[in-house]
Protein chains: 2
Amino acid sequence: MSKPRAPDINPPRLVSPRLVSARPVTAHDVARLAGVSQSAVSRCFTPGASIAAETRRRVEEAAARLGYRPNLIARSLITRRSTIVGVAVAYLENPFYPAVLEALSNALEGAGYRVLLFTARPGENADPILEEVLRYRVDALVLASASLSSHFAEECRQAGVPVVLLNRRTESGGVSTVTGDNRAGAGTVARFLAAGGHRRCAFIAGLESASTSREREAGFSGALAALGLPPAAREVGHYDFTAALEATRRLLALPLPPDAIFCANDHMALAAINVARAEFGLEMGQALSVVGFDDAGPAAWPLFGLTSYAQPVRPMAERVVAILRRHLEEPEAEAVQEVVPGALMVRASARLPAEGVMEQGGRRIWRG
Amino acid sequence: MSKPRAPDINPPRLVSPRLVSARPVTAHDVARLAGVSQSAVSRCFTPGASIAAETRRRVEEAAARLGYRPNLIARSLITRRSTIVGVAVAYLENPFYPAVLEALSNALEGAGYRVLLFTARPGENADPILEEVLRYRVDALVLASASLSSHFAEECRQAGVPVVLLNRRTESGGVSTVTGDNRAGAGTVARFLAAGGHRRCAFIAGLESASTSREREAGFSGALAALGLPPAAREVGHYDFTAALEATRRLLALPLPPDAIFCANDHMALAAINVARAEFGLEMGQALSVVGFDDAGPAAWPLFGLTSYAQPVRPMAERVVAILRRHLEEPEAEAVQEVVPGALMVRASARLPAEGVMEQGGRRIWRG
DNA sequence: CCGCTGATTGCATACGTATGCAATAAGAAT
DNA sequence: ATTCTTATTGCATACGTATGCAATCAGCGG
């Protein structure tokens with residue numbers, strides 16, 4: 001072969017490795033020490049590759065001695081898979097999302113993926129950041145509570161990057177989604193409140209642009225109507241704590257205030273309880289009932305005891321990962337819209353119906 | 001040149017790009033369309049490279065037409081910089097950490113870095129995951145509230161990967177840290193409680209292995225002693241909500257219960273208030289005062305009004321990024337231990353001293 | 001018109017790993 | 001002993017981009 005070989009860059013180490021300027025150990029270094037070819041080293045770290053036991057032993061010893069760490073960047077370049085998934089998450093001040101992020105991170109790590117995180121500002125257009133993330137050749141994208149421009153959805157499709165929305169739905173086809181059962185859950189809440197004897201229900205909406213809020217509102221209103229109850233008074237809390245405080249103030253200052261408030265998520269429901277108790281002196285479950293959605297952490301705190309329709313975070317994260325895997329295995333697979341059922345966790349923030357409350361694994365739930 | 005050139009892989013596109021099986025556009029594709037060399041395309045996307053205005057225009061047009069996105073994986077391979085920072089975070093159920101993560105993510109994105117996230121299980125040894133993250137050739141590591149084995153610290157040093165601990169300190173030298181002012185902050189809390197007339201202070205520790213908890217305890221006890229007050233009753237809450245509930249129960253069930261509880265962080269302080277109010281019927285700031293550390297989100301909720309020594313999340317995140325940049329610019333730079341000062345946010349959960357409370361930017365703080 | 005300077009450009013190669021292919025070794029079967 | 005398998009290995013190359021180097025070009029002073 002006439003092709004000139006570049007001289008070996010890494011000179012033989014004459015001094016203790018820790019004193020040498022840190023140039024990462026490569027498969028070539030290991031190969032040289034083990035007296036094999038670089039290919040053999042590669043095969044040693046590739047599950048299922050053909051390699052003799054004795055060779056493997058020698059390579060592993062050499063690798064251990066040099067502290068070799070396969071360069072996943074280089075591997076990605078050639079395999080065209082980064083084993084990195086881009087995850088966008090917003091509203092981290094809403095305690096539901098840290099839980100989502102943790103579950104998602106664990107599920108992805110369990111499936112051998114790393115998480116490239118980016119925190120989307122609620123209002124802003126996430127496209128520029130998403131664009132940037134695509135440059136890292138992520139294998140897939142998961143958007144938790146961030147919406148997706150149809151333009152960008154199309155770009156991802158062209159780039160062959162599967163996208164899964166978590167807790168959001170979108171009009172743009174071709175995007176898989178995993179959500180809680182917003183409609184049915186909100187309907188359950190309505191029937192629960194009705195069974196508890198509430199007559200003047202109110203609803204605090206989240207972001208009007210968010211599918212979750214719209215679906216929950218539709219489910220709630222629909223069920224109220226079916227029950228023959230008057231439509232709910234309505235305020236908007238934008239999924240924001242402070243805005244929800246104010247929304248609650250407006251509701252409770254009405255001439256005929258509601259006897260129950262259903263909030264589009266727990267974060268706002270906790271705000272509602274704060275205002276009702278601290279500013280209006282109302283006792284939860286007596287003069288006023290408050291119900292939320294998510295069953296986020298603080299809902300279970302003794303002072304809140306928030307009745308809430310639980311979204312099962314771990315199962316949802318697992319569904320996301322399962323869908324991703326399928327999309328990665330068969331790129332032509334159709335997008336799916338999965339709905340993960342939840343349950344109404346009954347606590348003290350809302351007056352109880354006479355029937356339907358049952359114990360389940362240490363938790364009290366309501367089945368209407 | 002006798003070296004055989006590989007045939008161009010990407011065939012000329014005969015159909016609309018969206019119908020072609022998604023093979024990412026490369027710099028070669030752009031070069032061909034623009035009638036220049038791949039180098040020119042590269043230079044077009046490399047700030048400061050030498051390229052004529054007219055060439056740039058043609059390249060940019062071609063790139064836009066093909067939807068070219070530079071492959072950062074390939075770039076990393078050759079530049080040996082990934083512009084990715086590994087971030088480990090634990091205790092996401094503690095509302096302080098989502099805020100930290102968000103601030104950190106924003107600061108890093110502002111500095112042009114991406115975040116490779118991994119969520120460390122509190123108890124577990126994070127080394128295996130960290131090891132894995134190093135394979136992605138991250139430019140640096142930030143560990144928020146995760147501790148670091150000295151073994152791994154050494155590995156990072158050898159690999160030339162700077163490490164910054166956020167909100168934790170470590171014995172292993174060579175690692176930079178950014179923390180709040182645990183000692184002084186806890187001392188301030190002690191003087192604040194003393195000035196408010198409290199005589200029987202208790203302390204709920206976090207994880208005994210965590211530097212934060214130890215430093216806060218030392219600062220608190222030291223100041224109490226200096227004030228001539230008796231040592232604080234002590235329980236351990238392991239930075240865990242449930243454990244803190246129980247710790248509080250034990251304290252309040254004492255024959256002579258404390259008149260003030262200082263918790264090593266807000267998450268536990270919120271648990272303390274929950275127990276005190278819901279189970280013992282105590283009114284905060286009257287029979288019992290509770291003070292926390294962090295000033296995490298819910299501390300400011302009306303129902304809690306938790307007095308807490310604030311750790312300024314954004315400045316801390318910015319210090320982390322500044323330190324990272326310095327380490328990356330001068331690899332030989334010494335590790336630094338930075339302490340970011342905070343302030344005692346005064347709210348209703350603790351009885352006020354007669355003096356020292358002042359208004360500052362809409363917030364009330366205490367200066368002893 | 002010539003040599004000189006500086007700006008642009010293309011060529012060739014390197015980054016570190018995976019993998020098709022052919023060569024070799026080691027058994028197995030005849 | 002000979003042929004046929006099968007397992008193992010090394011060689012060479014590809015992945016997509018950045019960059020040193022030399023070549024080319026335009027402009028300019030003399």
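To find a chain, count down the sequence lines: A is the first, B the second, and so on, and within it residues start at 1.
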On a plain distance test, is the side chain of [X] in donor-acceptor contact with the base of [N] below 3.5 Å?
| X | N | answer |
| --- | --- | --- |
| Arg43(B) | dG10(C) | yes |
| Ser42(A) | dT19(C) | no |
| Ser50(B) | dT9(C) | no |
| Thr26(B) | dC15(D) | no |
| Thr79(B) | dC15(C) | no |

From [atom1] of [X] over to [atom2] of [N], roughly how many Å is that when rounded to an integer?
| X | N | atom1 | atom2 | value |
| --- | --- | --- | --- | --- |
| Arg32(A) | dT17(C) | CZ | P | 12 Å |
| Asn71(B) | dC15(C) | CG | C1' | 13 Å |
| Ile73(B) | dG16(D) | CD1 | P | 12 Å |
| Arg80(B) | dT19(D) | CZ | C1' | 13 Å |
| Arg81(B) | dT17(D) | CZ | C1' | 15 Å |

* Asked: Should the ring pair Tyr68(B) and Phe45(B) be called parallel, tilted or perpendicular, given that the plane angle runs from 0 to 90° and is split at 30 and 60?
  ->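 Judged by the thresholds at 30° and 60°, the geometry between Tyr68(B) and Phe45(B) is perpendicular.
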
* Asked: Would you say the side chains of Thr119(A) and Tyr97(A) form a donor-acceptor pair under 3.5 Å?
  ->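 Absent: no donor and acceptor within the cut-off.
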
Nearest to the side chain of [X], heavy atoms from C-beta on, is which of [options]?
| X | options | value |
| --- | --- | --- |
| Leu77(A) | dG10(D), dT17(C), dG16(D) | dG16(D) |
| Ala52(A) | dT9(C), dT17(D), dT8(D) | dT8(D) |
| Arg75(A) | dG16(D), dC11(C), dA18(C) | dA18(C) |
| Thr55(B) | dT8(C), dC11(C), dA18(C) | dT8(C) |

* Asked: Touch check for Val41(B), heavy atoms < 4.0 angstrom, all strands: base, sugar-phosphate only, or nothing?
  ->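 The answer is nothing, as Val41(B) stays clear of every strand by at least 4.0 Å.
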
* Take atom CD of Glu54(A) as the centre, draw a 6.0 Å sphere, and report whether it contains more than 12 heavy atoms from other residues, nucleotides or ligands. => yes

* To do: Flag the pair Glu154(B) and Arg157(B) as a salt bridge only when some basic side-chain nitrogen lies within less than 4.0 angstrom of an acidic carboxylate oxygen.
  =>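 Arg157(B) and Glu154(B): salt-bridged.
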
* With DNA chain C as reference, determine whether Ile51(B) or Phe45(A) sits nearer its 5' end, using the nearest nucleotide of each. =>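 Checking each residue's closest nucleotide, the 5'-ward one belongs to Ile51(B).
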
* Pair Glu60(A)-Arg56(A), salt bridge (charged side-chain N to carboxylate O under 4.0 Å, His left out): steps then yes or no -> CA-CA 6 Å; Glu60(A) 279 173 351; Arg56(A) 146 157 287 148; 3.5 Å; yes

* **Arg69(A) side-chain N/O to dG16(C) phosphate OP1/OP2 under 4.0 Å** => no

* Using only side-chain N and O atoms of Tyr136(A), determine if any of them is under 4.0 Å from OP1 or OP2 of dG16(D). =>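 It does not, given that no N or O in the side chain of Tyr136(A) lies less than 4.0 Å from OP1 or OP2 of dG16(D).
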
* To do: For Leu72(B) and for Glu54(A), locate the closest nucleotide of DNA chain D by heavy-atom distance; then report the residue assigned to the nucleotide nearer the 5' terminus.
  =>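 It is Glu54(A) whose nearest nucleotide is closer to the 5' end.
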
